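Please read the structure below before turning to the comments.
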Amino acid sequence: MTRTEIKSLLQTDPQEQDVLVKGWVRTFRANRFIALNDGSTLNNLQVVVDFEQYDESLLRRITTSAALSVRGKLVPSQGSGQAVEVLAEEIEVLGDADPAVYPIQPKKHSLEFLREKAHLRMRTNTFGAVFRVRHALAFAIHQYFHDRGFFYLHTPIITGSDAEGAGEMFRVSTLPMGDPPRTEAGEIDWKEDFFGKETNLTVSGQLEAEVGAMSLGKVYTFGPTFRAENSNTTRHLAEFWMIEPEMAFYDIHDNMDLAEDFLREIIRFALTHCPDDLQYLHDRIAQEEKNLPQAQRRPMPLLDTLQFILDNGFARITYTEAIERLQRSKPYKKGKFQYPVEWGRDLQSEHERYLVEKDFQTPVIVTGYPKDIKAFYMKLNDDNKTVAAMDILFPGIGEVVGGSQREERLDVLQARMAEMEVPEHDLWWYLELRKFGTAPHAGFGLGFERIIQFVTGMTNIRDVIAFPRFPKSAEF
RNA sequence: UCCUCAGUAGCUCAGUUGGUUAGAGCGGGUGACUGUUAAUCACUAGGUCGUAGGUUCGAGUCCUACCUGAGGAGCCA
């Protein structure tokens, strides 16, 4: 007899058919009712046990998180909490879970506690929901790009250029750490290393994605990204997943249009494919916030926030306009901002939050940043002062997308690299893209975990990746 | 890395201006009950109060350092 998944059984018309289910016990109530979950859905299947027909020794092994195989009949439920249930005829305990030491109880646990039990937390409703939504978003991303003629490009994890300028990198080396080969000058001789040069884990696939775009037209990457920053915040990881589309013949406006449409469509996908999980997360947050003062609650419940994104356009302003708006703002005039607001300085978290959460109350796309605070590869605007960069800011999590039109003019790019002291020799291939058939092109990077945070309402990024990597932590 | 807050039973937490034997709910064990929805009832075990020093007649409570966690900042996606 073949097993049926619980998601499918819950949608089946119950006609006393024989079924086989397998899953993990969530609760065992009244020595009669097993709430069984197999991960296929948030919802549990109720298995009804006639305890007089089973050995006491078997019933005692039906404990929270024990793995069971149950054969029985699918019938309409007599109780009011569920439509169908299975009358058990044969129960096998596939794996015991000793309740004296099993740490996850059928009650509310703190997310901090569950973070320390990363190998078991996916068995909870909350993390089950988060990871099903995570899958849906990943799938939606591939589908979105595939449907629009993009090619999925796998860019390298190990990279030889340290010129990307996106932060501290993790070194990749097979040299003996205690006694590495030295040059005559006494420095570590990287020529002796595995790749014959210094290599690191990638901090971005963008430069390689540009190669793809300038050949295949439209590509995207979706892979792990590594930053060795000593960041300890609710929105940074040392290992995270990033999506980086790159398009030939797109300018900054095409880029913005794509990014906005893309974000809206993947959120729409999650809403249509994960209604149960999102409703659960919505209710959970609402419950959680009941005890908080108004000021600490979300401005809008989770599902309303997501719907709002679908129904409303993102605001679009230039960096210069953003500075002007901030300088006219109440918190600025009252001296509430901790950091100065003046043209040429980067926007701080407090400024971004004001724009997104107070001023516009929608996602905001900011363009035209001063060239001095942005990367060397961004296209220099005609004013010679700003670059064609765009950041998309979301309520609660800040920057979700960072992108730009790329500098396609060889001489301008070289001048910018010289200005910012980016060595040309590591990026000779990148420069040749501008030598042979250069053309306007653009792209952006989306932090995958950040968009999952936004969609699930999880406030700590460590709770939307299965095995988070952050300073002093690689336990699982 | 910086700032702020926290660390008491397996989990979530209470513990008064420093004062005798540190409590509750859940979870565990034993028993009862049985169409439940985080089932219910009775009994019961369980704590070097994060660690190390210090102040004091006396420290869970005050002080110092360290460790761990959380929130915020910087860096960014």
Side-chain angles (χ1 to χ4, degrees), chain A residues 26-35 43-52 59-60 63-65 75 77-82 85 87 98-117 124-125 164-168 202-206 221-244 259 296 337-339 346-353 373-375 391-394 397-403 444-454 459-465 470-473 475:
Chain A
R26 282 292 169 78
T27 60
F28 185 29
R29 290 184 296 272
N31 215 17
R32 187 186 282 275
F33 302 101
I34 303 168
N43 302 301
N44 300 326
L45 176 72
Q46 173 151 288
V47 173
V48 183
V49 180
D50 181 356
F51 50 82
E52 286 169 347
L59 296 176
R60 292 173 67 88
T63 58
T64 299
S65 234
V75 299
S77 177
Q78 294 177 35
S80 56
Q82 57 284 315
E85 61 192 21
L87 300 178
D98 182 352
V101 288
Y102 181 70
I104 316 285
Q105 296 168 17
K107 70 163 216 174
K108 200 176 153 355
H109 285 289
S110 70
L111 296 175
E112 294 82 24
F113 171 73
L114 292 170
R115 218 167 281 153
E116 290 168 9
K117 307 273 182 276
T124 64
N125 286 336
E164 289 156 11
E168 293 294 310
T202 182
V203 291
S204 163
Q206 180 204 313
T221 74
F222 188 165
T225 309
F226 307 88
R227 307 261 168 103
E229 303 283 352
N230 191 6
S231 288
N232 290 286
T233 78
T234 53
R235 55 191 188 286
H236 287 88
L237 291 165
E239 177 182 294
F240 64 99
W241 289 68
M242 189 154 64
I243 295 97
E244 295 176 290
Q296 289 173 39
F337 287 135
Q338 196 190 332
Y339 289 87
D346 212 351
L347 299 178
Q348 300 294 321
S349 282
E350 58 181 358
H351 307 140
E352 294 181 350
R353 293 188 67 126
I373 58 173
K374 287 291 180 183
D391 282 1
I392 303 186
L393 312 175
F394 265 37
I397 44 178
E399 186 179 341
V400 167
V401 161
F444 61 86
L446 168 76
F448 187 44
E449 282 76 16
R450 287 195 182 165
I451 199 68
I452 303 171
Q453 277 189 278
F454 181 75
T459 52
N460 193 317
I461 200 166
R462 296 170 187 179
D463 294 333
V464 299
I465 187 166
F470 51 94
K472 302 279 180 290
S473 178
E475 180 69 21

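Here the structure is a predicted model, which is why all the values come from computation and not from measurement. Each chain gets a letter, A, B and so on, in the order its sequence line appears, and its residues count up from 1.
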Under 4.0 Å between any heavy atoms, over every strand shown, what does [X] touch: base, sugar-phosphate, or nothing? Just pick one.
X: A:V400; value: sugar-phosphate
X: A:G79; value: base
X: A:T233; value: base
X: A:P99; value: sugar-phosphate
X: A:Y339; value: sugar-phosphate
X: A:N44; value: nothing
X: A:F113; value: sugar-phosphate
X: A:I243; value: nothing

Would you find a donor on one side and an acceptor on the other, under 3.5 Å apart, between the side chain of [X] and the backbone of [Y]?
X: A:R235; Y: A:R450; result: no
X: A:E168; Y: A:E229; result: no
X: A:E244; Y: A:G205; result: yes
X: A:E449; Y: A:W241; result: yes

Next item on the list: Hey, which sits more toward the 5' end of RNA chain B by its nearest nucleotide, A:G445 or A:H109?
Entry: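 Closest to the 5' end, via its nearest nucleotide, is A:H109.
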Note to self: Go nucleotide by nucleotide along RNA chain B from the 5' end; which of A:M242 and A:Q46 gets its closest nucleotide reached first?
What the structure shows: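 Nearer the 5' end of the strand: A:Q46.
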Note to self: If you take the centroid of each ring, where Trp contributes its six-membered ring, are A:Y339 and A:H351 closer together than 6.0 Å?
What the structure shows: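 No.
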With a 3.5 Å cut-off and heavy atoms only, can you find an N or O donor on one side and an acceptor on the other between the side chain of [X] and the base of [N]?
X: A:S231; N: B:rC76; value: no
X: A:R32; N: B:rC33; value: no
X: A:Q348; N: B:rG74; value: no
X: A:H236; N: B:rC76; value: yes
X: A:E85; N: B:rG35; value: yes
X: A:E112; N: B:rG69; value: no

Considering only atom [atom1], compute the distance from [N] to [M] and round it to an integer number of Å.
N: B:rA65; M: B:rU55; atom1: C1'; answer: 15 Å
N: B:rC13; M: B:rC57; atom1: C1'; answer: 33 Å
N: B:rU48; M: B:rA22; atom1: P; answer: 12 Å
N: B:rG60; M: B:rU44; atom1: P; answer: 27 Å
N: B:rU16; M: B:rC75; atom1: C1'; answer: 45 Å
N: B:rG31; M: B:rG71; atom1: C1'; answer: 46 Å
N: B:rG54; M: B:rA14; atom1: P; answer: 30 Å
N: B:rC2; M: B:rG28; atom1: C1'; answer: 43 Å

Next item on the list: Hey, could you give me the CD1/CZ distance between A:I397 and A:R353, rounded to the nearest 0.5 Å?
Entry: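 Going from the CD1 atom of A:I397 to the CZ atom of A:R353 covers 11.0 Å.
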Next item on the list: Supply the atom-to-atom distance A:F337 CZ to A:Q348 CD, rounded to the nearest 0.5 angstrom.
Entry: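 Here the rounded value is 11.0 Å.
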When you check the phosphate oxygens OP1 and OP2 of [N], does a side-chain N or O of [X] lie under 4.0 Å from one of them?
X: A:N31; N: B:rA39; value: no
X: A:R60; N: B:rU30; value: yes
X: A:R235; N: B:rA73; value: yes
X: A:S110; N: B:rC11; value: no
X: A:R29; N: B:rA39; value: yes
X: A:T234; N: B:rG71; value: no

[X] has an atom [atom1]; how far is it from atom [atom2] of [N], in whole Å?
X: A:D98; N: B:rG27; atom1: CG; atom2: P; value: 16 Å
X: A:Y102; N: B:rC11; atom1: OH; atom2: P; value: 15 Å
X: A:R353; N: B:rG74; atom1: CZ; atom2: P; value: 11 Å
X: A:F444; N: B:rA77; atom1: CZ; atom2: P; value: 13 Å
X: A:I104; N: B:rU12; atom1: CD1; atom2: P; value: 11 Å
X: A:F240; N: B:rC75; atom1: CZ; atom2: P; value: 16 Å
X: A:L347; N: B:rA73; atom1: CG; atom2: P; value: 14 Å

Of the listed nucleotides ([options]), which one gets closest to any side-chain atom of [X]?
X: A:S77; options: B:rC76, B:rC26, B:rG35; result: B:rG35
X: A:E399; options: B:rU37, B:rA77, B:rC11; result: B:rA77
X: A:E229; options: B:rG71, B:rC75, B:rG27; result: B:rC75

Check: Are the side chains of A:Y102 and A:T63 in touch, meaning some heavy atoms are under 4.5 Å apart?
Finding: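 No - every pair of side-chain heavy atoms lies 4.5 Å or more apart.
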Notebook entry, point to check: Which nucleotide, in any strand shown, forms a Watson-Crick or G-U wobble pair with B:rA70, with both distances under 3.5 Å?
Noted result: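 Looking at the geometry, B:rA70 pairs with B:rU4.
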Next item on the list: Tell me the partner of B:rG35, counting only Watson-Crick (N1-N3 plus N6-O4 or O6-N4) or G-U wobble (N1-O2 and O6-N3) with both under 3.5 Å; none if nothing fits.
Entry: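 WC or wobble partner does not exist here.
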